[in-house]
Amino acid sequence: MIYNLFDSAAAYEPTAAEQAGPVPPVEAVLFDFSNTIFKLIDVPTWLRRVAEASGRAVDDELVEKTAEQLYETYRIPEVAAAQVGRDESAAKHRVALYAWFERVDYLQGIELVAYELIAAPDAWVPYPDTEPLLRELRRRGIKTGIVSDFPWDVGVHMEHFGLEDLINVRVVSYQYGTEKPDPVLFRAACEQLGVDPRATLMVGDNPAKDGGAAASGLRAYILPGEARTGERGLAHVLGFLD
């Protein structure tokens, strides 16, 4: 087969009728979790929680110094390499973060405490516009799901904020031993929801991972990669339903 500029990777094959017919309306919306509908607490808050839990003293100057060292050590080649594929399993994720934390002076010897506080139910918080959008989708009868690279069930965080009932299915990478953009994850979510991938919208912040849903027939809406503390811009999702 000869490939050219007009070919694109696809993990599905629409029929001739589907290719010629109208694009089906959106019946389901899938969401990435991290930096899309939930965000991790900020580093200073996390470090102060680590200090309280470990009994290790910390002040503003040390918090700032440790935060800088976290960013610096993450770029060490060995540390960066350890992060590859970390969300394929809980074990890989723990090894990856320990490889990082053990390079940070303040966290040496208390890596377990630091890790557990990243996984705490309240360590991940929803964006201000997450709940309003999910409730509106529920009101409109649109099915919802999560497809996320994560080493544990994100339902623990959704439950903490009373949002678990607003998501119909959760497909998380560690359950399948693979990460996005593997079509297996997107297909699993659509199958569990009982919807055609061509009638499904994937919402995320990573064009390589979340945008990979397009190869399985889904539409994809990619949010800006900027760090957000206010609304994430999720209300624009409703525009795809009209």
Side-chain angles (χ1 to χ4, degrees), residues 8-15 18 23-39 85-90 92-93 124 126-127 129-159 161 163-223 232-241:
S8 59
Y12 76 108
E13 187 173 349
T15 65
E18 288 174 334
V23 176
V26 172
E27 299 176 4
V29 181
L30 306 179
F31 296 93
D32 172 50
F33 184 76
S34 174
N35 299 324
T36 297
I37 58 173
F38 271 64
K39 63 183 178 68
R86 71 184 185 187
D87 290 320
E88 292 176 356
S89 72
K92 285 186 176 182
H93 190 268
W124 294 83
Y127 288 98
D129 50 351
T130 294
E131 182 173 357
L133 174 64
L134 295 181
R135 291 200 179 281
E136 178 61 17
L137 292 176
R138 173 61 58 87
R139 187 188 71 80
R140 297 192 186 194
I142 300 296
K143 298 178 180 180
T144 57
I146 286 175
V147 178
S148 186
D149 289 345
F150 230 74
W152 57 78
D153 185 0
V154 299
V156 66
H157 308 297
M158 302 198 72
E159 182 178 0
F161 290 96
L163 304 180
E164 76 279 10
D165 291 338
L166 297 179
I167 292 288
N168 298 113
V169 301
R170 298 190 298 271
V171 172
V172 188
S173 59
Y174 83 98
Q175 300 168 322
Y176 293 81
T178 187
E179 296 178 339
K180 294 177 294 186
D182 193 328
V184 167
L185 301 175
F186 303 114
R187 287 173 175 170
C190 291
E191 289 172 1
Q192 291 180 33
L193 288 172
V195 295
D196 183 342
R198 297 176 70 250
T200 305
L201 173 68
M202 176 68 202
V203 181
D205 67 312
N206 188 310
K209 288 178 171 284
D210 302 310
S216 294
L218 292 78
R219 276 160 277 183
Y221 172 44
I222 306 301
L223 297 162
R232 192 67 180 92
L234 295 173
H236 293 296
V237 169
L238 299 176
F240 290 90
L241 309 181

At their closest point, which heavy atom of Ile167 faces which heavy atom of Val169, and how far apart are they? CG2-O, 3.1 Å
Could you give all pairs that pass the salt bridge (Lys or Arg N to Asp or Glu O under 4.0 Å) test and reach residues 164-173, with sequence neighbours left out? Asp153-Arg170
Nearest non-hydrogen partners of His236 and Tyr221, listed with the distance: CB-OH, 3.5 Å
Taking the side chain as every heavy atom from C-beta outward, state whether Val171 and Leu30 have any atom pair closer than 4.5 Å. no
Contacts of Asn206 meeting side chain to side chain donor-acceptor pair (under 3.5 Å) (sequence neighbours excluded), chain-then-number -> none
Could you pull out the closest heavy-atom pair between Ala90 and Pro151, with the gap in Å? CB-O, 3.6 Å
Distance in Å, Glu13 CD paired with Glu18 CD, rounded so as to fall on 0.5 Å steps: 10.0 Å
Enter the distance from Glu88:CD to Thr178:OG1 here, rounded to the nearest 0.5 Å. 6.0 Å
Hits for ring-ring contact (aromatic ring centres under 6.0 Å, His included) against Tyr176, two or more places apart or cross-chain, chain-then-number order -> none
Check Ala199 against Pro25 and note the closest heavy-atom contact, atom names and distance. CB-O, 3.4 Å
Is there side-chain contact between Thr200 and Asp196, with heavy atoms separated by less than 4.5 Å? no
Lys92 vs Asp87 side-chain heavy atoms within contact, under 4.5 Å: no
Could you give all pairs that pass the salt bridge (Lys or Arg N to Asp or Glu O under 4.0 Å) test and reach residues 208-218, with sequence neighbours left out? Asp149-Lys209, Glu179-Lys209, Lys180-Asp210
Least distance between heavy atoms, Val203 atom then Thr36 atom: O-CG2, 3.8 Å
Which distance, rounded to the nearest 0.5 Å, do you find between the CG of Leu133 and the CZ of Arg138? 12.0 Å
Applying side chain to side chain donor-acceptor pair (under 3.5 Å), can you list everything that pairs with Glu27, at least two apart in sequence or on another chain? none
Are any side-chain N or O atoms of Asn168 and backbone N or O atoms of Lys143, one a donor and one an acceptor, separated by less than 3.5 Å? no
Set out, in order, the CA-CA distance, both residues' side-chain angles and the distance that settles side chain to side chain contact (heavy atoms under 4.5 Å, CB included) for Leu218 and Arg198, then state yes or no. CA-CA 5 Å; Leu218 292 78; Arg198 297 176 70 250; over 6 Å; no
Walk me through it: do Leu238 and Arg140 pass the test side chain to side chain contact (heavy atoms under 4.5 Å, CB included)? CA-CA 10 Å; Leu238 299 176; Arg140 297 192 186 194; 4.2 Å; yes
Mind checking what makes ring-ring contact (aromatic ring centres under 6.0 Å, His included) contact with Phe150, not counting sequence neighbours? Phe33, Trp124, Trp152
For Ile142 and Val26, the nearest pair of non-hydrogen atoms, with its separation, is CD1-O, 3.6 Å
Do the non-hydrogen side-chain atoms of Leu185 and Ser216 ever get within less than 4.5 Å of each other? no
Side chains of Ile146 and Ile37: closer than 4.5 Å at any heavy-atom pair? yes
Check: Val147 and Asp32 side chains under 4.5 Å, non-hydrogen atoms: no
Short side-chain to backbone donor-acceptor contact, Gln192 and Ala189, under 3.5 Å: no
Using a 4.5 Å cut-off on heavy atoms from C-beta on, say whether the side chain of Arg219 contacts that of Phe240. no
Between the CG atom in Leu241 and the CG atom in Leu137, the distance rounded to the nearest 0.5 Å is 6.5 Å
Steps toward side chain to side chain contact (heavy atoms under 4.5 Å, CB included) verdict (Leu234, Thr130): CA-CA 7 Å; Leu234 295 173; Thr130 294; 3.7 Å; yes
Any side-chain heavy-atom pair from Tyr174 and His93 closer than 4.5 angstrom? no
After noting the C-alpha distance and the side-chain angles of Val237 and Val29, does the key distance pass the side chain to side chain contact (heavy atoms under 4.5 Å, CB included) rule? CA-CA 9 Å; Val237 169; Val29 181; 4.2 Å; yes
